[in-house]
*Asks:* 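Next up is a structure, given as structure tokens.
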Amino acid sequence: MAETDRTVKAAETGPAITGILKDEEGMKLVSDMLETKIVDIKPQYDFSTELGFIYPVVEQTIQVKGKAAVSLLESLSDKGIFKRSFFDKLLRCPRCQSINLRPSVRCPKCGSKNIARGRVLEHLACKYIGVEDEFRAGGRYVCPRCKMELRTMGADYQSRGILRKCRDCGEVFNVPLTNWVCLKCSSISDDDKIAEVSIYSYSLDQTKRNWLEFELKPKVRFLEFLSQHGYKVAENARVKGRSGAEHCIDMVATRDDDLVSHSIAIGIEIAREKVGLDRVLDFDVKAYDSGFHNKVLIVVPELGEEAKKFAQLQRIEILEPKELEKVLTRSVPSVAGTMEKEPFEFKSKSQLVQYLERQGYKVKKNAKVEGRSGAEHNIDILATRDEGIITHRIAIDVEVGKRPVGLDKVFNFDDKAYDAGILDKVVIAVPGLTREARQFARHQGTKVFETGQLEQSGQKNPET
Ligand SMILES: [Zn+2]
Ligand SMILES: [Zn+2]
Ligand SMILES: [Zn+2]
């Protein structure tokens, strides 16, 4: 598939982490936890505050307080970065929001607070019901109503269990009426009017450690690196494959140099231990179906043996943390400065060479290249540029003649480039290509420049 046929759409929603970690405060908190400067974030009661509790660690580390602190912690949990654990349930006064409430237990019949709680006995003869204390009389049980002595449980009296009895109206009950007195505003609220609020403590989800460590540091640097090398990057790019399936590729880095535009599919695989073959296979299938020739897979912490072999076979550039670090610190001349668009216009071979050199390419004229078949090929112009993660090669065929260039020449060139494993191909044809040659070139993903008006530029011999 030709590079230009591919449609790359940037994802509408980034990976979970992007949003939250663009927020500096969240990032600081997470990195402190990764460095175990903070182990967990626990609330502490503080009745002087509006919420009634504070997160001292959050206040000290990033100076975020109150509701803002809670919403930051909650959003980090929603993103799967933090794990929440239940800490306590707080009740709030519906009038003033204070959590400084006292329960007030009342008789469900008369509302009195004068309630006794204990083992409740019933005198079977007179049906008197009271708490045990009411029957006690110097080591014996005597009914306070009929003054009879209670001797045998089951015969004289029975126990009804631990219950409550109202001292004012005599009602015996199990569940009292509970309402709440606010110690701040003195209002009394019924139980069902009270809001319950759960509060949590937070800790880092350790299964996300490798991922977070990558996201926080190397990834940011890697993106900078790509942009320094003139790449435009679409993160979580959705790419439509040849099969019709839509793939999501972690990063698609595209460099458009006017002469050719090329893209790299970059996958990021992070595991707790080794990244397995299945992940590499999956990436390779996606990249292949989407027509990417350049494939780079960033692997944290490392790749399994079997997967390594497969990657090599499929020409997937693997970057484990060590190699990635090397790539990021290597001083490959940054080409961002030369990214000032310089429109390409063919005037002569030597002008083309200069143009390529200005773009940072090393240029070889009449380059001899050995192909996979073992044959040696001659390529008019071979331009090579080390772009840090990949070495970009362009094969350029310059055909100058009196008549349009035919299919055989373009076919020949395509065949050579394929055998030599060069994926970016340019045909410059003066005065042009035949229709079928042009169609073939397009189909093979070869970029075509047809120049019919060389005379106007004053250049007499484009072959030089
Ligand atoms: Zn009695
Ligand atoms: Zn009562
Ligand atoms: Zn209140």
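This structure is a prediction, so every number in the text was calculated from the model and none was measured.
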*Asks:* Under 30°, 30 to 60°, or over 60°: which ring-plane class applies to Phe53 and Tyr55, parallel, tilted or perpendicular?
*Replies:* perpendicular

*Asks:* Measure the spacing between CD1 of Ile62 and CG of Leu29 and express it to the nearest 0.5 Å.
*Replies:*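 Ile62 atom CD1 to Leu29 atom CG measures 4.5 Å (nearest 0.5 Å).
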
*Asks:* For Asp256 and Lys232, what are the C-alpha separation, side-chain angles and deciding distance, and is it a salt bridge (Lys or Arg N to Asp or Glu O under 4.0 Å)?
*Replies:* CA-CA 8 Å; Asp256 185 1; Lys232 286 210 174 78; over 6 Å; no

*Asks:* Counting only N and O atoms by type, is there a donor-acceptor contact under 3.5 Å from the side chain of Gln354 to the main-chain atoms of Gln351?
*Replies:*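 No.
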
*Asks:* Assess, by modelled atom type and distance only, whether the side chains of Ser243 and Asp289 contain a donor and an acceptor separated by less than 3.5 Å.
*Replies:* yes

*Asks:* Donor-acceptor check, side chain of Lys365 to backbone of Lys349, threshold 3.5 angstrom: yes or no?
*Replies:*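 Between the backbone of Lys349 and the side chain of Lys365 there is no qualifying donor-acceptor contact (under 3.5 Å).
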
*Asks:* Ignoring hydrogens and geometry beyond distance, is a side-chain donor-acceptor pair present between Arg255 and Tyr231 at under 3.5 Å?
*Replies:*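 No.
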
*Asks:* First locate atom CG of Leu51, then atom CZ of Arg92, and finally report the distance between them rounded to the nearest 0.5 Å.
*Replies:*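 Spacing of CG (Leu51) from CZ (Arg92) equals 5.5 Å.
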
*Asks:* Show which side-chain atoms of residues 194-208 pair as donor or acceptor with protein atoms under 3.5 Å away, not counting sequence neighbours.
*Replies:*
from: Tyr202; atom 1: OH; to: Glu74; atom 2: OE2; distance (Å): 2.5
from: Asp205; atom 1: OD1; to: Thr207; atom 2: N; distance (Å): 3.1
from: Asp205; atom 1: OD1; to: Thr207; atom 2: OG1; distance (Å): 2.8
from: Asp205; atom 1: OD2; to: Thr207; atom 2: OG1; distance (Å): 3.4
from: Gln206; atom 1: OE1; to: Arg209; atom 2: NE; distance (Å): 2.9
from: Lys208; atom 1: NZ; to: Gly80; atom 2: O; distance (Å): 2.9

*Asks:* Tell me if the CD atom of Gln439 is crowded by more than 12 foreign heavy atoms within 6.0 Å.
*Replies:* yes

*Asks:* According to side chain to side chain donor-acceptor pair (under 3.5 Å), who are the partners of Glu325, at least two apart in sequence or on a separate chain?
*Replies:*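 Glu325 satisfies side chain to side chain donor-acceptor pair (under 3.5 Å) with Arg221 once adjacent residues are dropped.
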
*Asks:* Do Ile298 and Met251 come within less than 4.5 Å of each other through their side chains, counting heavy atoms only?
*Replies:* no

*Asks:* Taking Gly360's backbone N and O only, do any of them form a donor-acceptor pair with Arg385's side chain (distance below 3.5 Å, no angle check)?
*Replies:*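 Judged by distance alone, no pair lies under 3.5 Å.
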
*Asks:* One pair to check against salt bridge (Lys or Arg N to Asp or Glu O under 4.0 Å): Glu320 and Lys322. What are the steps and the verdict?
*Replies:* CA-CA 6 Å; Glu320 287 179 355; Lys322 250 195 225 157; over 6 Å; no

*Asks:* Return yes if some donor-acceptor pair links the side-chain N/O of Thr36 with the main-chain N/O of Met33 below 3.5 Å, else return no.
*Replies:* no

*Asks:* Under 3.5 Å, is there a donor-acceptor pair between the side chain of Ser98 and the main chain of Asn100?
*Replies:* yes

*Asks:* Between Asp250 (side chain only) and Ile268 (backbone N and O only), is there a donor and an acceptor less than 3.5 Å apart?
*Replies:*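 Indeed, once roles are kept as given, a pair shorter than 3.5 Å links the two residues.
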
*Asks:* What side-chain donor-acceptor pairs closer than 3.5 Å can you find for residues 373-381, not counting sequence neighbours?
*Replies:*
from: Ser373; atom 1: OG; to: Ala375; atom 2: N; distance (Å): 3.2
from: Ser373; atom 1: OG; to: Asp419; atom 2: OD1; distance (Å): 3.3
from: Ser373; atom 1: OG; to: Asp419; atom 2: OD2; distance (Å): 2.6
from: His377; atom 1: NE2; to: Asp419; atom 2: OD2; distance (Å): 2.7
from: Asn378; atom 1: OD1; to: Lys368; atom 2: NZ; distance (Å): 3.4
from: Asp380; atom 1: OD2; to: Val398; atom 2: N; distance (Å): 2.8

